[in-house]
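Here's the structure we're looking at; comments come further down.
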Amino acid sequence: MNLTLKVWRQKNAKAKGALETYKLNDVSEHSSFLEMLDMLNEQLINEGNEPVAFDHDCREGICGMCSLYINGEAHGPDRAVTTCQLHMRMFKDGDTIYIEPWRAKALPVIKDLIVDRSALERIQHAGGYISVNTSGNTQDANAIPIRKSDADKAMDAASCIGCGACVATCKNSSAMLFVAAKVSQFSYLPQGQVERKERVLNMVHQMDKEGFGNCTNTGACEVECPKGISLEFIARMNREYFGASIVAEN
Amino acid sequence: MSNGFSKSSVGRKILMALSGFFLLLFLFQHFIINLLSIISADAFNNVSFFMGTNPIVQFAIQPILLFAVVFHLIMGITLELKNKSARPIQYAMNKPSENSSWMSRNMAITGIMVLLFLGLHFYDFWIPEIKTKFIEGNMSGLNEGGEFRFHEELVHKFTDPIRVGLYILAFLFLSLHLMHGFQSAFQSVGFNHRKYTPIIKKLGNLYAIIIPLGFIIIALVHFFNH
């Protein structure tokens, strides 16, 4: 198929970017979206131009590195997939495809289609961990009984790969689905109980500090999330936060 | 309670929902009283007199209501501005309708339309009421003929086709606001359950249609009866 691509190009974080138009021909409908971008980059390099910078790593939907706002949707028009799992069969010959970086004050563009997602990392640092005794007498996690339904929910929450699609797609650039997943995954497990209250308070505090917007329950994040993280987790985070706030001493 | 609760995104969302819940309850009781106005003028007059003179309603519930309205408004605007600033550069191509409803994305617009109507509503009913009762000191609830004035005042306002038109328009916006607001408030306070949330969403849609439609029908009944 022959395509017209409108790609966001921006030299660096400070430069003013713009959409550039490229023609790309003979793209196989069996190729992945990132393979199509690889083709574009080969074409650009052969023409003596700067290739388009974009994030990618595992290319099998588990690492959370790829991003891209494709034709007005995070990770493109398909559901429950990352950009690397998106196939060109979702498009038609002659299509014009808009390719933009995530847009949020808290996720600034570094170059072209790459954004700085360290704000999400800082939220994790604020509480997305558990303290484990590593002195040699650590209890085997398998020896601690956990309700099957709780283990399943913790696993569902933990499937968040931190790609940032929720922020990108939310009209308010809110990171609540991400934070809710990270807060919830530990709240279901016995290992997560020790820091449970501080975790939700600290992670929400960090989220607000980073300049993300507020959730207005549009539900867009849940639809666009490549891992299908549920809004149930945001409700759970709200409960956790309310409970922790009531008993907080400061 | 943590110091940061009312300043945090989650805390504000919960407070927004709580004020919303209160307004939902208020709207329901307002609807029931309005409904009386087409069933029995006497019943409407009696209830209006009670609501207008009962000290608990007047000096406890009414200030809470005013506070809830002002709080919901100011917090709504504050959050909307913060949310707008969280995305300084917009997408060149964006398809929000692929993943969310128009109502959920435009609460500020529908909310402001309802607020504009509240201005007219206060001008029509609340300010004259406060003036009669607390400035002129007439707590009797009677007109010059010695009869209850409430039903007569209500019917009088619904004789003007422009006012009835604005009234209908405002309730259409309120309906859109409630379609998202009702279910959203439950989510905000942390109530999301696989079994009950679908029921809440259905109830929310029913509430958002029946109550505003009821208000509109009551207005039209008075308009055409006159």
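Keep in mind it's a predicted model, so treat the numbers as computed, not measured. Throughout, protein chains are lettered first and strands after them, A, B, ... in sequence-line order, and every chain is numbered starting at 1. When reading the values below, keep in mind they use all heavy atoms of this one structure, side chains included, and skip hydrogens, waters and symmetry mates.
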Count the heavy-atom pairs under 4.5 Å between each of B:Met93, B:Gln90, B:Gln183 and chain A, then report the option with the highest count.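 It is B:Met93.
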Assess the side chains of [X] and [Y]: does a donor N or O sit below 3.5 Å from an acceptor N or O?
X        : Y        : answer
B:Arg105 : A:Thr218 : no
A:Glu224 : B:Asn99  : yes
B:Ser8   : A:Asp208 : no

Ring center gap for A:Tyr98 and B:Tyr91 short of 6.0 angstrom: no
Let me see the working for B:Lys82 and A:Asn172 under side-chain contact (heavy atoms from CB on, under 4.5 Å), right down to the final yes or no. CA-CA 8 Å; B:Lys82 164 126 175 82; A:Asn172 312 318; over 6 Å; no
Output yes when a side-chain donor or acceptor of B:Arg87 lies under 3.5 Å from a complementary backbone atom of A:Ala104, and no otherwise.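 No, B:Arg87 side chain to A:Ala104 backbone: no donor-acceptor pair under 3.5 Å.
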With a 4.5 Å cut-off on side-chain heavy atoms, are [Y] and [X] touching?
X        : Y        : value
A:Asn217 : B:Lys13  : yes
A:Phe233 : B:Asn192 : no
A:Thr216 : B:Met107 : no

Side chain from CB out, backbone as N, CA, C, O: work out which of these in A:Pro101 comes under 4.5 Å of a heavy atom of chain B, or both, or neither. backbone
Is chain A contacted by the side chain of B:Ile89, its backbone, both, or neither, given a heavy-atom distance below 4.5 Å? both
Tell me, side chain or backbone of B:Ser85 under 4.5 Å from chain A's heavy atoms, or both, or neither? both
